[in-house]
Amino acid sequence: MDLECHTVYLLLGSNLGNKIAHLQEAMALLAERVGEISALSSIYQTAAWGKEDQPAFLNMAIKIRTSLSPLEVLEDALAIEKLMGRVRKEHWGQRLIDIDLLLFGDEIIDEGIKLQVPHPQMQFRNFVLVPLSEIAGGVIHPVLKLSIDDLRKQCKDPLPAYKL
């Protein structure tokens, strides 16, 4: 019996230490625990969003094929963050690694504060939309019914994302 495979899009971010090494380590752990990485964006630098008195972030989007459930993907992402040394001190604070679940196929999931898919703020943030549009520009946001490319073009976020 074949396990059902899902396409998942994640955003990785880091703004402390060797940021590129943190992104690479997170990708390796995700490939080991969650599924096969089938696409990855370039790495982009952006100013910190929400709490601006901290170092700039490096962000990238990845596409993974997985047989896990959305909750299992989230739990593995949080476990990887913890394993890599992430400490949650303040909302929008600096971090060694951040792994956000953006899209899980075309599913819409609302389990309150624990899990919301699509990510409820992704359409407002260039640091999400620019790398995501590179690997999933034609994907349709299941709630907004617009492509990622269209969301990127409509985004009013004043913070640009610069490709490294």
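What you are looking at is a predicted structure, and each value in this text was computed from that prediction instead of being measured.
For H6, the ring-ring contact (aromatic ring centres under 6.0 Å, His included) partners two or more places apart in sequence, or in a different chain, are F104. With sequence neighbours left out, P55 forms a side-chain contact (heavy atoms from CB on, under 4.5 Å) with N15, Q94.
Here the CG-OG distance, from L12 to S41, works out to 8.0 Å after rounding to the nearest 0.5 Å. Rounded to the nearest 0.5 angstrom, M122 CE and L144 CG are separated by 8.5 Å. To the nearest 0.5 angstrom, H141 atom NE2 is 9.0 Å from L102 atom CG. Going from atom CG of L151 over to atom CG of L132 covers 9.0 Å, rounded to the nearest 0.5 Å.
Considering only heavy atoms from C-beta on, I140 stays 4.5 Å or farther from L146 through its side chain. Looking at I97 and I80, their side chains never come closer than 4.5 Å, going by heavy atoms from C-beta outward. Between L83 and L29 there is a side-chain heavy-atom pair separated by less than 4.5 Å. Looking at L129 and F124, their side chains never come closer than 4.5 Å, going by heavy atoms from C-beta outward. Contact annotation: the side chain of I108 never approaches that of V117 to less than 4.5 Å [non-hydrogen atoms, C-beta and beyond]. Within the 4.5 Å cutoff, the side chain of I43 has no heavy atoms near those of the K163 side chain. The side-chain heavy atoms of Q121 and R125, taken from C-beta on, include a pair separated by under 4.5 Å. Side chains of V73 and T66 form a contact here, defined as non-hydrogen atoms less than 4.5 Å apart.
The list of side-chain hydrogen bond (donor to acceptor under 3.5 Å, both in side chains) pairs with a residue in residues 106-116, not counting sequence neighbours, reads D110-Q116.
Side chains of S42 and E134: a donor-acceptor N/O pair is present below 3.5 angstrom, by distance only. Under 3.5 Å, the side chains of R152 and S133 contain a donor-acceptor pair of N or O atoms.
Y162 is not connected to I20 by any chain of hydrophobic side-chain contacts under 4.5 Å among Ile, Leu, Val, Met, Phe, Trp and Tyr, and they are in different clusters. I62 and L78 fall within the same hydrophobic cluster, defined by Ile, Leu, Val, Met, Phe, Trp and Tyr side-chain heavy atoms under 4.5 Å apart, directly or through other members. By the rule that hydrophobic residues join a cluster once side-chain heavy atoms approach within less than 4.5 Å of another member, L58 and L30 end up as members of one cluster. Note: the hydrophobic cluster containing F127 also contains Y9 (ILVMFWY, side chain heavy atoms under 4.5 Å, direct or indirect links). Cluster annotation: L103 and L11 are assigned to the same hydrophobic cluster (Ile/Leu/Val/Met/Phe/Trp/Tyr, side-chain heavy-atom contacts under 4.5 Å, transitive).
The main-chain N or O of A161 is never found under 3.5 Å from a side-chain atom of N126 such that the two would form a donor-acceptor pair. Without hydrogens or angle criteria, S147 side chain to G138 main chain gives no donor-acceptor distance under 3.5 Å. The backbone N or O of L16 lies less than 3.5 Å from a partner atom in the side chain of H22, making a donor-acceptor pair. Side chain of E36 to backbone of I64: no donor-acceptor contact under 3.5 angstrom is found.
A side chain to side chain contact (heavy atoms under 4.5 Å, CB included) with E81 is found for exactly one of I99, L96, D76, namely I99. Each of E25, M60, K19 was evaluated against S14; a single residue qualifies, K19, per the side chain to side chain contact (heavy atoms under 4.5 Å, CB included) test.
What you find for L115 and P70 is that their closest heavy atoms are CD2-CB, 3.9 Å. Closest approach of I37 and A31 over heavy atoms only: CD1-CB, 4.1 Å.
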* **Stepwise side-chain contact (heavy atoms from CB on, under 4.5 Å) test for L10 and D100** => CA-CA 5 Å; L10 302 172; D100 288 329; over 6 Å; no
* Trace of the side-chain contact (heavy atoms from CB on, under 4.5 Å) decision for V8 with V34 -> CA-CA 10 Å; V8 180; V34 175; 5.9 Å; no
* **Working for side-chain contact (heavy atoms from CB on, under 4.5 Å), residues T7 and K63** => CA-CA 7 Å; T7 299; K63 175 182 177 181; 3.5 Å; yes
